[in-house]
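Report on the following structure.
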Amino acid sequence: MVDRLANSEANSKRIGFVEACFGTAGQPLAIPGRVLIGEGVLTKLCRKKPKARQFFLFNDILVYGNIVILKKKYNKQHIIPLESVTIDTVEDEGELRNGWLIKTPTKSFAVYAATATEKSEWMSHISKCVSDLLEKSGKSPTGEHAAVWVPDSEATVCMRCQKMKFTPVNRRHHCRKCGFVVCGPCSEKKFLLPSQSSKPVRVCEFCYKQLSTGATLPPNSEFPSNMSDDDDEDDSSD
């Protein structure tokens, strides 16, 4: 079906409409063989709070952006190559239901659908697109992925020293390796994580020691399930 739609006029119009909605705030999306599989609004767990974002699933990329006017205008476009994506379901917790993790080597975050059926359809379509891409390229699934950030609201004190309370003066920071919310003294070090940045990035004292000695870090499954991404915040550099 994807091959049949690749060069169809209907597919070209749909992709053109998405490009028009992003306008100059987005990159061109129309390339030979690219097909728009589906679209919809998902709740993305950001650093400060959950926010509605418009997502577009193509057969080779996942695109999302901020909603300015629904179905008319979006900004802050993000493009994620599906070859590098792995997904994992997230257990329902409180008001956050029907969620899953989107994980890549450069960034990872949780999203939530309005219904269980919608969640199932999104996960199924993403998995199928990733599987088809890997089969065509002969590549193996991505083994490493960036940590998903623990939301600021989940930590009133540093998650490493368990002592420093966060205030307007004692700001929250995030370790780029484990995703924990940590205080300044516990995250003074930087380490080069090539998959995330060409420059050394902030890491907590614990991860710095592990990375420096080459020791194995704990799996991300030990971390809290309510996990976010920083890309929508003005202070995301921390």
Within residues 14-30 or reaching into it, pairs that qualify as side-chain hydrogen bond (donor to acceptor under 3.5 Å, both in side chains) - sequence neighbours excluded: none

Which residues share a side-chain hydrogen bond (donor to acceptor under 3.5 Å, both in side chains) with K73, sequence neighbours left out: none

Results of side-chain hydrogen bond (donor to acceptor under 3.5 Å, both in side chains) for D60 - residues two or more places apart only: R34

Cationic N near anionic O, under 4.0 Å, R160 to E205: no

Linked, directly or transitively: M164 and V157 (ILVMFWY side chains, under 4.5 Å): no

Intermediate values then yes/no, side-chain contact (heavy atoms from CB on, under 4.5 Å), H173 and V181: CA-CA 6 Å; H173 303 280; V181 184; over 6 Å; no

Partners passing ring pair (Phe, Tyr, Trp, His ring centres under 6.0 Å) against F166 (at least two apart in sequence or in another chain): none

Counterpart residues, salt bridge (charged side-chain N to carboxylate O under 4.0 Å, His left out), relative to K103 (two or more places apart): D88

Single-linkage hydrophobic cluster, 4.5 Å side-chain cutoff, I80 and L82 together: yes

Residues which pass salt bridge (charged side-chain N to carboxylate O under 4.0 Å, His left out) with K190, listed by chain and number, not counting sequence neighbours: none

Non-hydrogen side-chain atoms of F191 and K177 separated by less than 4.5 Å: no

S108 side chain to A146 backbone, donor-acceptor under 3.5 Å: yes

S8: side-chain hydrogen bond (donor to acceptor under 3.5 Å, both in side chains) partners, not counting sequence neighbours: none

K44 side chain vs V111 backbone, donor-acceptor pair below 3.5 Å: no

Any donor-acceptor N/O pair, N59 side chain to V35 backbone, under 3.5 Å: yes

CA sep, side-chain torsions, deciding dist, call: F109, I102, side-chain contact (heavy atoms from CB on, under 4.5 Å): CA-CA 6 Å; F109 54 91; I102 296 174; 3.9 Å; yes

Residue of the set K49, K48, R171 for which side chain to side chain donor-acceptor pair (under 3.5 Å) holds with D152: K48

Heavy-atom check, side chain of H78 versus side chain of R53, under 4.5 Å: no

Side-chain cluster (under 4.5 Å, hydrophobic types only) that L70 belongs to, other residues: I15, V18, F22, L29, L36, V41, F56, F58, I61, V63, I67, Y74, I79

Shared-cluster residues of V169, by chain and number - hydrophobic side chains joined below 4.5 Å: none

Pairing residues for E39 by the salt bridge (charged side-chain N to carboxylate O under 4.0 Å, His left out) criterion, not counting sequence neighbours: none

Rounded distance [0.5 Å steps], OG in S197 versus CZ in R202: 13.5 Å

Donor-acceptor contact present, side-chain S187 to main-chain V182, <3.5 Å: no

Donor + acceptor pair across side chains of T115, T117 (<3.5 Å): no

Cluster check F55, L133: I/L/V/M/F/W/Y, side chain < 4.5 angstrom: yes

List, one per line, each side-chain donor-acceptor pair under 3.5 Å for residues 121-130, sequence neighbours excluded.
residue, atom, partner, partner atom, Å
S127, OG, M123, O, 2.9
K128, NZ, D132, OD1, 3.2
K128, NZ, D132, OD2, 2.7

For K13, salt bridge (charged side-chain N to carboxylate O under 4.0 Å, His left out) partners two or more places apart: E9

